[in-house]
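All remarks here apply to the structure that follows.
To find a chain, count down the sequence lines: A is the first, B the second, and so on, and within it residues start at 1. Values reported hereafter were calculated over all heavy atoms of this structure, with side chains retained and with hydrogens, waters and symmetry mates removed.
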Amino acid sequence: MSNRIVERVADFLRRYPPFNELTAKDLKHLSSGVDILYKDKGTYIFKENEPAHDFFYVIQRGAVALRMGDGGEIIDICDEGDLFGLRPLMAGENYKLEAVSQEESILYAIPISEFRPLIQSYEEVGNFVIESFASNTRNPYSRFTNADSIGLLPPRMSIRAETPFTEILPIHPRKDLVFCTPQTPAQEVATLMTAHNVGSVLVLSEGLPEGIITDKDLRNKVVTGRHPIDAPASEIMTRPVITYPAKMTITQAQLAMMKNGIGHLCLTEDGTTDTPVVGILSKYDLMLALGNSPEVLLRAIKRTRKIKRLKPIRNRVEYLLKGYLENNIPMSITMKLIAELNDACIKRVIELSLRKEGKAPVEFAWLAMGSQGRGEQLLHTDQDNALVYEDVPEGESEKVQQYFHQLAVRVNKGLKTIGYEYCPADMMASNPNWCKPLGAWKKTVTGWIHNPGKEEVLLSSIFFDFNFTYGTRSLVTELSNHIFSNVDSYPMFYYHLASGALQNPSPSGFFRQFLLEQDGEHKDFFDLKRRVLMPFTDAARVLILSHQVRSINNTAERFEKLAELEANNREFFLSCSYATKALLKFRTKQGLLHTDSGRFIALDTLSKEEKIKLKRTFKILKELQELISLRFKVTSRVL
Amino acid sequence: MKMWTREDWKALFSSDSRIPERAVSTVCFAVIDSETTGLDPTKDRILSLGGVKIIHGRIAVRDTLEIFIAQDHFDASSVPIHGILKTGPNARIPEKQALVQLGSYLEDAVLVGHHIGFDLEMIRQARGRHGLPPLQNIALDTGRLYRKTLLKTPLLPKKPSYSLDELAKKFDISCKDRHTALGDAYITALAFMHLLGQLNIKSDTSLRDLVRMAR
């Protein structure tokens, strides 16, 4: 019996649960029964109500969407290593969802007849199967196994509308308990809670729950001065603990919290205080399980302990974004919230990277640039970032530089893991040119401002849109002060910045038709970013800087501020702000629709209404560029 | 017995009449590859044969073939490529037995291979040595199919031939087990399935149309 291909299959499977639990021999046996399927983009693997196959599927390459019948709402998108189609096999039911390849995919079809015995012989495999049924997702390991890992939750509405989801959904309490003894002093308890980023601590004596201390207890009993800061836990805890059995559904847990007016449930083996604690469930855990709200996602991001776990959270941010756009939530609010969440993700990546690299030798600051810096990044686009650190004495400079370079490489890689592509122009902190001590940065920036060529204008324009993400803010403030004091003494800089703003080709031709890309990969597409969004961004930047306003990075907000500053142009700048938001929304929708950055648009996919709306923004852009040309006395070949 | 000439092979590739109108989805494709001692079909020998079957976009891992052939002719210079030594850990069987086993594995499957003309010629020569008639299977070359997927543009002149490595890179197929007969057959099989997708071959496309395309 030949087995090279068997080994190839086994090598892949052993990287994913539950196959990682199997012995080499069992895995090999299972692999030898596998069929390998190729599915072109958009082909069905199974349809709703189709009798279950003899196989379930693991994605080796590509992606598969699970949808409600007949092209309905997407419930889940499975990725490489994900498993689907197992539940109907075990339950002996027909498929309840349909599975369609989202891209060219290679699937491993694993025969249930070979898999079933393993469920019995391996406890872990059995648990995997049981949990994956109960939680109604494909892979329980991607979610809930501890409170900080959450997977792709199905979009809320569809599920709620179709099935009483929460009625049957079991709870998944935190199992890595944070606890103290009745003797632990209050201050230590508080330190413990801070360290673990939790809102409650169980007080255990001999493994049994004695009481619970929550934020509220600390506030009411210690901070008010009723008890000293070194009071033992037994004095400030709430007791008796209200306990429940671990086997309960989310709805039951919600009811229990409401009934008792508490935010944490202590779960014990049999539900009484006489058996050991098996977990604790907070309101947040419940909310996590229930849905997406920005606060919940933010909390989830802050609690994540592995960079790759951030990716599913970011996918949920995208669901949130979709919902906002569909429900026409104002773009200014949407931008703020999404930017906040993106920022939190980046911060978390940096924090986690710092844990790996060890404490930084000197203070530093991480800067987001480009669209992220302007708070306009809604979709996953490229990463643009830089790092600035304190000046260090000559002798240490090499070592310190080495440290920050390594840190930056790790962070850039982490950001890529969670969905930010590398910057094609290498404007990233891992590039030594973008990771420098403060003094060196000042020198560089001064150079750009004093000798602005085409390149320098581009580089410095990036630097006027940066945003502080992590570290020591004063470093950034100092750099930005330096930039502005320099600009003030070189008024010619505005002239160059303004001509830079007029460099981008105009969006429409003489007959007001759209100008399409002439060559390259995107031939015959309309480049929304370069032809419309960037000119707006560039124009807003030079105008707001000439007013010495530096605290605003967001393009739409810059226009709003301009409307405030220039009363006679008020209406015009407000329409610029409106146009910017409309364009950004348009780009985001296009991006979500085609799962790309939304930059290049095939015009024939647009409705007439959309085209008219787009063209309206062109007119505003033209007026804006004329205004800049007049104000800064720049002539442009564009106009 | 009549010896097959190159012209006969050409005829085999081009005669439409014997290619059934069957839908591609019902056809069993056998993707094959051989490792040989060298590139001269008259002098060199087959070291090993690998086969993978595809039915309706599906490869059954169980139904694969890998045979190592006992050698008397041996060319030391090709050892670094395929790593099959004269005496090795894999069980070897006599050439004739291997050819018979291959024949019964292939049955009337449509053969697919990368630059399959060479493999077929090696097999034809070997079968001739043992008085076996040539295989009569229809054959498709993934090298030719790949050329069909490339854009016609004067800016990007097509190369006369593309290696399996180039295809694997294009379709992002891991090159694990490259230069083993079964490993290469498997890589070719995945590439073949990607090619069918790229050439927009649907399950109801007829085999005859597919073969025409590969010409």
With a 4.5 angstrom heavy-atom cut-off, could you sort out which part of A:D35 is near chain B: side chain, backbone, both or neither? both
Decide yes or no for B:H194 and A:I106: does some side-chain heavy atom of the first lie under 4.5 Å from some side-chain heavy atom of the second? yes
Value for CG (B:L196) from OH (A:Y38), rounded to nearest 0.5 Å, stands at 8.0 Å
Relative to chain A, which segment of B:I55 carries a heavy atom at a distance below 4.5 Å: side chain, backbone, both, or neither? neither
Could you give the distance from NZ (A:K39) to CE (B:M193), rounded to the nearest 0.5 Å? 10.5 Å
Minimum heavy-atom separation for B:R58 to A:A109, with atom names? NH2-CB, 3.7 Å
More than 12 heavy atoms of other residues, nucleotides or ligands under 6.0 Å from NZ of B:K202: yes or no? yes
Do B:I187 and A:R8 touch side chain to side chain, with heavy atoms closer than 4.5 Å? yes
So do B:Y186 and A:I36 actually touch side chain to side chain, heavy atoms under 4.5 Å? yes
Rounded to the nearest 0.5 Å, how far apart are CD1 of A:I5 and CD1 of B:I59? 7.0 Å
Do the side chains of A:E104 and B:K170 get close enough for a salt bridge, i.e. N-O under 4.0 angstrom? no
With rounding to the nearest 0.5 Å, note down the distance linking CG in B:D184 to CZ in A:R4. 9.5 Å
Quick one: is the NZ or CZ of A:R61 closer than 6.0 Å to the six-membered ring centre of B:F171, and within 45° of its axis? no
A:F55 portion near chain B, given a 4.5 angstrom heavy-atom threshold: side chain
At a 4.5 Å cut-off on heavy atoms, which part of A:S31 comes close to chain B: side chain, backbone, both, or neither? backbone
Which atoms of A:V34 are under 4.5 Å from chain B, going by heavy atoms: the side chain, the backbone, both sets, or neither? both
